[in-house]
Amino acid sequence: MQAWRVHRNGEPSEVMRLEEVDRPTPGEGQLLLKVRAANINFPDALLCGGQYQTRPPLPFTPGVEICGETEDGRRVIANPALPNGGLAEYVVADAAAVLPAPEALDDAEAAALHIGYQTGWFGLHRRAHLQAGETLLVHAAAGGVGSAAVQLGQAAGARVIGVVGGAEKARVARELGCDVVIDRREDDIVAAVKEATGGRGADVVYDPVGGDAYAKSVKCVAFEGRIVIVGFASGAIPTPALNHALVKNYSIVGLHWGLYNQKEPSAIRDCHEELTKLAAQGVIKPLISGRFAMKDAADAVQRVADGTTTGRLVVIPEGEAR
């Protein structure tokens, strides 16, 4: 079968190679899955560069999230275990962690539902306890993680302010339904948030960016607000001034979604049931901005690494780029 492999760390376009490899053999408690669609996540780019918190042995196949098909024809969502990731024609996955793909979503949309939307749901509901009528500020609102948070915030009845970089991403954020869109390249984020909230600030901040985004967030978070730390796509990990959090009465909340797989796997399944219902109602729908043929997967990962994309890019092993 074909699989993309990384033999040395570097830029995805330079280190990813499409190769012929043996089809994997499932072990005890595992399933063999035919990959119908593989969603590209920012961690895939970090893995190529050797910059992720886990470093699989070389060579490895990127791809942490897929929609696949079981040998008996069921369509499922899975997170194949590295070093044998999802940018391949076949993968193996733990049977206990495989989830049914929502019927309301096609293969590409189903592949993009799991990590980003689970992260959004746990971040907004389990960690920040977002309430209807509150104001939610989402950084990188037109990206894969941010767009999921925008939709989930709307589903929860929040007023959503989206921060983006550039006119095209601003257009996407408006189409997603953000009540207010702030272009960080043109606007003063702090002043715009305070103006949009009558000076109160945002009740919940969803931050997958870090760096300057976090620095601006603490200046416009509301009294008893919650800042959810999801990731550091900017590459800069902020050092919080805890005296500032004390004086302004806001919370800094961390979210490592993967820990729920270890500590409380039943919560993952419960969340998936809720996301499936929301998808069936048409309330959430992953934004797929590009579908790539297998031969173009390295280009897709590179685009995500470059930060030029909106929504999600998905590789369709048997499809054509469009």
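A salt bridge does not link R312 to E65: none of the charged side-chain nitrogens sits closer than 4.0 Å to a carboxylate oxygen.
Looking only at distances, no side-chain donor or acceptor of T119 sits under 3.5 Å from a matching main-chain atom of W257. Without hydrogens or angle criteria, S234 side chain to A236 main chain gives a donor-acceptor distance under 3.5 Å. Without hydrogens or angle criteria, D179 side chain to I161 main chain gives no donor-acceptor distance under 3.5 Å. In this structure a side-chain-to-backbone donor-acceptor pair under 3.5 Å is present from D106 to A108. A distance-only check finds a donor-acceptor pair linking the side chain of Q302 to the backbone of S13 [under 3.5 Å]. The closest donor-acceptor contact from the side chain of Q118 to the backbone of I268 lies under 3.5 Å. In this structure a side-chain-to-backbone donor-acceptor pair under 3.5 Å is present from Q131 to H129. For the pair T135 (side chain) and D203 (backbone), a donor-acceptor distance under 3.5 Å is absent. Although no hydrogens or angles enter the test, the distance criterion places no donor-acceptor pair under 3.5 Å between the side chain of T276 and the main chain of P102.
Atoms CD1 and OH, on I229 and Y206 in that order, are 11.0 Å from each other to the nearest 0.5 Å. To the nearest 0.5 Å, the span separating CD1 on I77 from CG on L113 amounts to 5.0 Å. Residue H272 holds its NE2 atom at 7.5 Å from CG of L275, rounded to the nearest 0.5 Å.
Pairing each heavy atom of Y214 with each of P240, the nearest pair is OH-CB, 3.4 Å. Taking every heavy atom of both residues into account, M16 and P62 meet most closely at CE-CG, 4.4 Å. Across every non-hydrogen atom of L313 and T309, the tightest pair is CD1-CG2, 3.5 Å. Nearest heavy atom pair, residue N9 against residue G50, reads ND2-N, 3.4 Å. W121 approaches L152 most closely through the heavy-atom pair N-CD1, 3.5 Å. Contact record, G254 with R127: O-NE, 2.9 Å, taken as the closest heavy-atom pair.
Applying the side-chain hydrogen bond (donor to acceptor under 3.5 Å, both in side chains) criterion to R184, with sequence neighbours excluded, gives no partner residue. By the side-chain hydrogen bond (donor to acceptor under 3.5 Å, both in side chains) test, S217 pairs with H139, sequence neighbours left out. For K216, the salt bridge (charged side-chain N to carboxylate O under 4.0 Å, His left out) partners at least two apart in sequence or on another chain are D212. Qualifying side-chain hydrogen bond (donor to acceptor under 3.5 Å, both in side chains) partners for Y117, counting only residues two or more places apart in sequence or in other chains: Q151. With sequence neighbours excluded, no residue forms a side-chain hydrogen bond (donor to acceptor under 3.5 Å, both in side chains) with Q30.
Pairs of residues two or more places apart, or lying in two chains, that qualify as side chain to side chain donor-acceptor pair (under 3.5 Å) and include a residue from residues 78-87 are N79-H114.
Here the side chains of E69 and R74 are not in contact, with every heavy-atom distance at 4.5 Å or above. Considering only heavy atoms from C-beta on, R269 comes within 4.5 Å of S266 through its side chain.
Within a 6.0 Å radius of NZ in K34, other residues, nucleotides and ligands contribute 12 heavy atoms or fewer.
Looking only at atom types and distance, the side chain of E19 has a donor-acceptor partner in the side chain of H7 under 3.5 Å away.
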For this session: Show the numbers, then the answer: is there a salt bridge (charged side-chain N to carboxylate O under 4.0 Å, His left out) between E175 and R171?
Result: CA-CA 6 Å; E175 290 179 353; R171 181 190 64 79; 2.6 Å; yes
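Residues V193 and V164 are members of separate hydrophobic clusters, defined by side-chain heavy-atom contacts under 4.5 angstrom among Ile, Leu, Val, Met, Phe, Trp and Tyr. Under the 4.5 Å side-chain heavy-atom criterion for grouping Ile, Leu, Val, Met, Phe, Trp and Tyr, L278 is connected to V138 within one hydrophobic cluster. A continuous path of hydrophobic side-chain contacts links F60 to W4 [ILVMFWY only; heavy atoms under 4.5 Å].
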